[in-house]
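Some notes on the structure that comes next.
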Amino acid sequence: MTRSAIVTGATSGIGRATALRLVRAGFHIIATGRNPERGAETVRQVEAAGGSGEFHSFDVTSESDWAAFADAVTGRHTSVDALINSAGSFFTKALPDTSLEDFRELWTADVESVVLGTKYGFRMMRDTRSAGSIVNISSLAGLIGLEDCAAYCAAKAAVTHFSRVAALEGAQMNPKVRVNSLNPGVIYTEMITHAYGDNDAVKAFVMDGNALQRVGTAEDIASAATFLACSASRMVTGTAMLVDGGRGAD
Amino acid sequence: MTFDVKDKVVLVTGAASGIGAATARLAAARGAKVIATDVDGERIQGVAADCQCIGLKHDVTSPEDWDNAIAAAVHHHGRLDALVSNAGIVNYEPIIDLDLARFRTLTQVHVEGSFLGVQKAVAQMRAQARGAPATGSIVLTASVMANCAAPGISAYAVAKAAMANMARAVGVELGRKGDMIRVNALCPGPTRTPLLEGAMPPGAMDDPAHWTDVPLGVPQEPEDMAESILFLISEESSFMTATQMVVDGGWSLT
Ligand SMILES: NC(=O)c1ccc[n+]([C@@H]2O[C@H](COP(=O)([O-])OP(=O)(O)OC[C@H]3O[C@@H](n4cnc5c(N)ncnc54)[C@H](O)[C@@H]3O)[C@@H](O)[C@H]2O)c1
């Protein structure tokens with residue numbers, strides 16, 4: 001029986017890289033995102049990598065969208081073995097310039113999306129009787145401070161701690177579902193280049209903060225997400241797995 | 001689904017039993033070149049025979065034994081890619097009864113043992129890099145007790161906290177010096193090994209009631225720790241350093 005993995009935000013960055021890495025672990029890929037063209041490109045890359053995939057376009061901040069998606073998935077698939085909640089958003093802004101609307105927008109995109117994803121992930125895993133693994137992509141910023149990023153840090157701290165409590169609930173299910181947060185340091189994806197620009201100075205800045213003198217890549221996070229999704233991490237639940245090149249340690 | 005460790009030269013201490021033996025076995029099964037060492041020079045030969053790898057008597061508190069172990073890796077395989085500093089002992093005793101000699105023995109095995117291992121492994125990894133940035137992965141088997149507490153194991157908790165923060169401090173230092181040598185701590189929760197069994201009433205380990213404290217509700221096996229250790233050795237974790245990886249079935253959540 002083919003195992004399947006859902007990846008939100010699979011139209012770019014960490015989400016797309018994770019979908020491609022999960023193919024090599026033998027998962028059928030259920031990719032989601034808002035942009036159908038980029039979704040089709042992810043499925044094309046999944047197939048080129050020798051895997052199978054499908055794309056569902058929906059808004060991860062909408063509960064009715066999640067409900068419809070969950071029905072579609074459980075109607076079509078006999079197991080839901082992994083869910084990677086990777087969709088999210090970022091901005092950098094000093095607190096005096098951050099409006100309540102700005103804050104709410106980020107909270108909805110980063111926290112509500114993960115709360116809904118975990119809730120419907122639990123339902124899909126329950127309904128298909130799958131001992132699944134949910135991986136919520138948080139951030140190093142959920143564990144330490146980042147200048148001019150109060151809204152983002154607060155949202156990612158919420159995701160990290162929410163995941164710990166969700167792990168306790170998942171452990172009550174039968175079969176049990178694991179939940180972990182994965183906390184990347186600065187990873188060179190569109191999320192960073194949109195906010196800071198894409199050039200050597202930004203790269204050097206990103207690298208300089210790491211203990212390991214290199215830039216973090218989407219593939220680094222994809223590997224860790226795959227570890228958390230598969231049975232090699234059978235006893236790992238409720239952790240915040242840090243993949244940050246040592247950035248947060250000093 | 002496995003993470004590639006093929007052909008990596010991996011030195012595992014405390015490998016005659018429990019987590020170390022499971023790590024040596026799994027690494028060997030996946031094509032790594034293993035040097036399995038233990039203070040118990042007889043039992044280590046049994047593990048080495050299973051793994052078809054080199055087995056050495058090696059007391060981790062002895063600098064000379066470390067030199068021998070690393071020399072063996074270089075002699076047989078030309079280099080050292082990874083060190084798993086895993087040898088350990090435990091002592092259940094209220095602080096008020098704990099004498100200084102036993103406290104010292106505990107910190108010697110875990111803290112001094114890991115310190116010597118890190119120092120000697122890094123020296124070898126730098127030497128074999130011949131001027132290029134050195135590469136390698138070092139995993140220190142700490143414990144959830146690095147960040148938690150239980151009555152009667154204060155000395156062990158102190159030693160494990162030292163190991164966990166050694167990984168953090170050394171990881172930062174090596175990275176900042178331009179090396180690509182990574183240092184991470186594995187923090188296992190209660191795991192079904194002779195170390196834990198020795199501390200429990202007979203038969204308790206196989207009693208499901210004992211594991212109800214663990215949210216995932218099943219005993220953690222040494223192989224579960226081995227899987228995480230091999231992930232930390234593989235190139236797929238090459239952006240991880242100075243971290244603590246907790247594998248405890250959710251034990252430390254509440
Ligand atoms: N079992 C658990 O619940 C648990 C939990 C957290 C951490 N750990 C840690 O995991 C590591 C492995 O423990 P285990 O459970 O596999 O125990 P174990 O007793 O099965 O194996 C430990 C091995 O270390 C060896 N050793 C002891 N002192 C040594 C020395 N001076 N030099 C070389 N070897 C020495 C022993 O001979 C033994 O073979 C230890 O560091 C332990 O503290 C274990």
Side-chain angles (χ1 to χ4, degrees), chain A residues 3 21-22 24-27 131 140 163-172 174 176-180 183-187 208 210-217 219-224 226-250, chain B residues 1-4 26 133 144 165 167-184 187-191 214-221 223-232 234-254:
Chain A
R3 294 172 306 152
R21 180 65 186 84
L22 286 167
R24 287 202 282 130
F27 288 93
L140 172 63
S163 302
R164 294 189 182 108
V165 183
L168 288 174
E169 286 197 34
Q172 305 284 328
N174 182 20
K176 293 176 188 290
V177 170
R178 298 186 293 117
V179 184
N180 291 284
N183 296 57
V186 183
I187 303 300
D208 191 49
N210 298 335
L212 288 175
Q213 295 290 295
R214 76 164 172 88
V215 168
T217 65
E219 287 70 28
D220 290 319
I221 306 308
S223 291
T226 301
F227 172 76
L228 289 174
C230 72
S231 62
S233 63
R234 186 184 75 108
M235 293 306 292
V236 182
T237 197
T239 66
M241 186 171 171
L242 190 55
V243 182
D244 70 342
R247 192 182 192 93
D250 58 3
Chain B
M1 171 61 236
T2 65
F3 297 89
D4 190 14
L26 198 62
V144 276
N165 214 35
R168 183 170 181 163
V170 176
V172 165
E173 177 174 314
L174 294 178
R176 290 269 170 222
K177 290 259 191 253
D179 286 308
M180 286 292 184
I181 302 171
R182 306 179 294 109
V183 191
N184 293 287
C187 296
T191 307
V214 180
L216 289 185
V218 292
Q220 302 210 97
E221 304 296 341
E223 291 71 26
D224 293 316
M225 303 308 135
E227 288 280 6
S228 291
I229 289 169
L230 294 195
F231 177 72
L232 289 171
S234 80
E235 294 307 314
E236 293 215 49
S237 65
S238 66
F239 200 53
M240 288 179 76
T241 195
T243 70
Q244 294 181 18
M245 187 153 155
V246 178
V247 183
D248 70 348
W251 185 81
S252 58
L253 279 173
T254 52

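Side-chain atoms are counted along with the backbone in the values below, which use heavy atoms only and exclude waters and symmetry mates. A, B, ... follow the sequence lines: proteins, then strands. Residue 1 opens every chain.
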Original post:
Residues in salt bridge (charged side-chain N to carboxylate O under 4.0 Å, His left out) with A/Asp244, at least two apart?
Top reply: none
Original post:
Checking side chain to side chain donor-acceptor pair (under 3.5 Å) for the pair A/Arg178/A/Ser233: CA distance, chi angles, key distance, verdict?
Top reply: CA-CA 9 Å; A/Arg178 298 186 293 117; A/Ser233 63; 3.0 Å; yes
**OP:** Considering only heavy atoms and a distance below 4.5 Å, find which of B/Met240, B/Met245, B/Arg176 pairs most often with chain A.
**Re:** B/Arg176
**OP:** Answer with side chain, backbone, both or neither: which region of A/Leu228 has an atom nearer than 4.5 Å to a non-hydrogen atom of chain B?
**Re:** neither
Original post:
Which atoms of B/Glu235 come close to chain A, meaning under 4.5 Å heavy atom to heavy atom: side chain ones, backbone ones, both, or neither?
Top reply: neither
Original post:
B/Val247, B/Thr254, B/Val214, B/Leu174: which one forms the most heavy-atom pairs within less than 4.5 Å of chain A?
Top reply: B/Val247
Original post:
Heavy atoms, side chains only, cut-off 4.5 Å: are A/Met235 and B/Glu227 in contact?
Top reply: no
Subject >> Interface residue of largest heavy-atom contact number with chain A, from B/Gly250, B/Gly171, B/Ser238, under 4.5 Å >> reply: B/Ser238
Subject >> Residue among A/Asp220, A/Val236, A/Ile221 with most heavy-atom pairs under 4.5 Å to chain B >> reply: A/Asp220
Subject >> Heavy-atom pair count under 4.5 Å with chain A, highest-scoring of B/Asp224, B/Val183, B/Asp179 >> reply: B/Asp224
**OP:** Without swapping roles, check the side chain of B/Ser234 against the backbone of B/Glu236 for a donor-acceptor pair under 3.5 Å.
**Re:** yes
**OP:** Tell me, out of A/Ala171, A/Gly238, A/Ser223, A/Gly246, who's got the most heavy-atom pairs with chain B below 4.5 Å.
**Re:** A/Ser223
Subject >> Closest-packed option against chain A by number of heavy-atom pairs under 4.5 Å, given B/Met180, B/Glu173, B/Met225, B/Arg182 >> reply: B/Met180
Subject >> Under 3.5 Å donor-acceptor, B/Thr191 side chain and B/Gly189 backbone >> reply: yes
**OP:** Using non-hydrogen atoms and a 4.5 Å limit, figure out which bit of A/Arg214 sits close to chain B: side chain, backbone, both or neither.
**Re:** both
Original post:
To the nearest 0.5 Å, how far apart are CZ in B/Arg168 and OG1 in B/Thr243?
Top reply: 10.0 Å
**OP:** Find the one option among A/Leu242, A/Asn180, A/Val165 whose heavy-atom pairs under 4.5 Å with chain B are most numerous.
**Re:** A/Leu242
Original post:
Can you say whether the rings of B/Phe231 and B/Phe3 are parallel (under 30°), tilted (30 to 60°) or perpendicular (over 60°)?
Top reply: perpendicular
**OP:** Examine whether an atom of B/Pro219 lies under 4.5 Å from a heavy atom of chain A, and if so say whether it belongs to the side chain, the backbone or both; otherwise answer neither.
**Re:** backbone
Original post:
Which residues satisfy the side chain to side chain donor-acceptor pair (under 3.5 Å) test with A/Glu169, sequence neighbours excluded?
Top reply: none
Subject >> From B/Asp248 atom CG to A/Thr239 atom OG1, the distance as rounded to the nearest 0.5 Å >> reply: 8.0 Å
**OP:** State, yes or no, whether a side-chain contact exists between B/Gln220 and B/Trp251 at a heavy-atom distance under 4.5 Å.
**Re:** no
Original post:
With only heavy atoms counted, which part of A/Thr237 is less than 4.5 Å from chain B, the side chain, the backbone, both or neither?
Top reply: both
**OP:** Mind ranking A/Gly248, A/Gly170, A/Gly245 by heavy-atom pairs under 4.5 Å with chain B and telling me who comes out on top?
**Re:** A/Gly245
Subject >> Portion of A/Val215 that has a non-hydrogen atom of chain B nearer than 4.5 angstrom >> reply: backbone
